[in-house]
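Each remark here refers to the structure printed beneath this line.
One-based numbering along the sequence shown.
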Amino acid sequence: MGYRIKPKKGLKENTIIENTAAIYFDFNPPIITNTTQNTMVSKLPQKQSLESAFQELPILLYPNPASDLITIELEYMDTETSYEARLFNSLGQMVARRDFNYKRILQMDTENLPTGIYFVAVRDQSREKMVTYQKVLLAKPN
């Protein structure tokens, strides 16, 4: 079983097409799907990874893998700008946050966090904008 569509000719750029389906099993009432929206474009946008979207401010993140403590070092720091570091778990939940307080080096305690992949995001507090993003692995010794 398959499904295919062919758009009508002459659709304007960025036309939104909504679709809902009714799925029938035997003689039971139909199951109605969520409504989807598809935007018709002549050219697909370029994919941009999350990492490349934030690589504006170079940082050093060490050690990686880490166990009890990670160090975040700004390679360049605007002395007029206040930065903060946020640590997110693999579910996207913020598990730690620290301000740089106009220092280039910041240490974050990770002793009470479980082993796993985490993400460090550094934020420019004055412009309220994320400026860099890196992964770190927390691996606890046995």
Side-chain angles (χ1 to χ4, degrees), residues 1-25 28-142:
M1 185 173 280
Y3 176 78
R4 216 165 52 154
I5 65 167
K6 186 175 178 182
K8 291 182 181 179
K9 292 186 184 220
L11 285 178
K12 292 182 182 178
E13 191 75 7
N14 295 316
T15 297
I16 297 174
I17 297 174
E18 291 185 342
N19 192 12
T20 303
I23 302 171
Y24 292 86
F25 293 100
N28 296 315
I31 296 173
I32 308 299
T33 65
N34 294 334
T35 301
T36 62
Q37 288 189 338
N38 294 288
T39 304
M40 299 293 110
V41 294
S42 56
K43 185 177 179 184
L44 292 175
Q46 293 295 317
K47 181 180 176 185
Q48 184 179 26
S49 71
L50 186 57
E51 287 91 344
S52 67
F54 294 120
Q55 292 301 327
E56 297 176 20
L57 180 68
I59 65 170
L60 298 174
L61 178 62
Y62 55 90
N64 194 1
S67 59
D68 297 335
L69 191 70
I70 58 172
T71 301
I72 305 163
E73 183 175 342
L74 300 174
E75 291 187 32
Y76 164 79
M77 182 177 182
D78 180 353
T79 56
E80 303 292 316
T81 304
S82 176
Y83 298 98
E84 77 174 359
R86 295 178 175 187
L87 186 63
F88 297 91
N89 64 17
S90 59
L91 298 175
Q93 299 163 325
M94 185 170 53
V95 295
R97 179 190 157 284
R98 292 276 317 273
D99 292 334
F100 275 90
N101 295 327
Y102 302 101
K103 298 180 288 190
R104 281 187 54 236
I105 298 175
L106 171 74
Q107 291 188 318
M108 293 182 93
D109 180 13
T110 57
E111 184 177 15
N112 296 323
L113 296 174
T115 296
I117 296 174
Y118 290 80
F119 304 91
V120 173
V122 176
R123 181 175 170 261
D124 174 336
Q125 291 183 310
S126 62
R127 291 186 289 166
E128 296 186 358
K129 177 183 175 195
M130 292 294 181
V131 292
T132 195
Y133 167 91
Q134 277 190 20
K135 290 183 238 180
V136 62
L137 174 65
L138 296 185
K140 306 297 179 175
N142 292 334

CD1 (Ile17) with more than 12 external heavy atoms under 6.0 Å = yes
Give a yes or no on this: more than 12 heavy atoms of other residues, nucleotides or ligands lie within 6.0 Å of atom CG of Asn28.
-> yes
Could you go step by step and tell me if Val41 and Asn14 meet the side-chain contact (heavy atoms from CB on, under 4.5 Å) rule?
-> CA-CA 5 Å; Val41 294; Asn14 295 316; 3.4 Å; yes
Heavy-atom donor-acceptor pair, [X] side chain to [Y] backbone, under 3.5 Å:
X	Y	value
Thr33	Ala21	yes
Arg104	Leu74	yes
Asn64	Ile70	no

Minimum heavy-atom distance [X]-[Y], with the two atoms named:
X	Y	result
Lys135	Leu61	O-CD2, 3.6 Å
Pro30	Ala22	CB-CB, 4.0 Å
Arg97	Met108	N-CE, 3.9 Å

Distance from [X] atom [atom1] to [Y] atom [atom2], nearest 0.5 Å?
X	Y	atom1	atom2	answer
Asp68	Gln107	CG	CD	12.0 Å
Asn19	Thr36	CG	OG1	5.0 Å
Ile117	Leu137	CD1	CG	6.0 Å
Leu69	Asp109	CG	CG	6.5 Å
Glu84	Asp99	CD	CG	5.5 Å
Asn89	Leu113	CG	CG	8.5 Å

Stepwise, does the side-chain contact (heavy atoms from CB on, under 4.5 Å) test hold for Leu138 with Thr115?
-> CA-CA 5 Å; Leu138 296 185; Thr115 296; 5.6 Å; no
Measure the shortest side-chain to side-chain distance between Val136 and Thr110 over non-hydrogen atoms and say whether it is less than 4.5 angstrom.
-> no
Determine whether Tyr83 and Asp124 make a side-chain contact, defined as any pair of heavy atoms from C-beta on separated by less than 4.5 Å.
-> yes
If the plane angle is over 60° it's perpendicular, under 30° parallel, otherwise tilted; pick one for Phe119 and Tyr133.
-> parallel
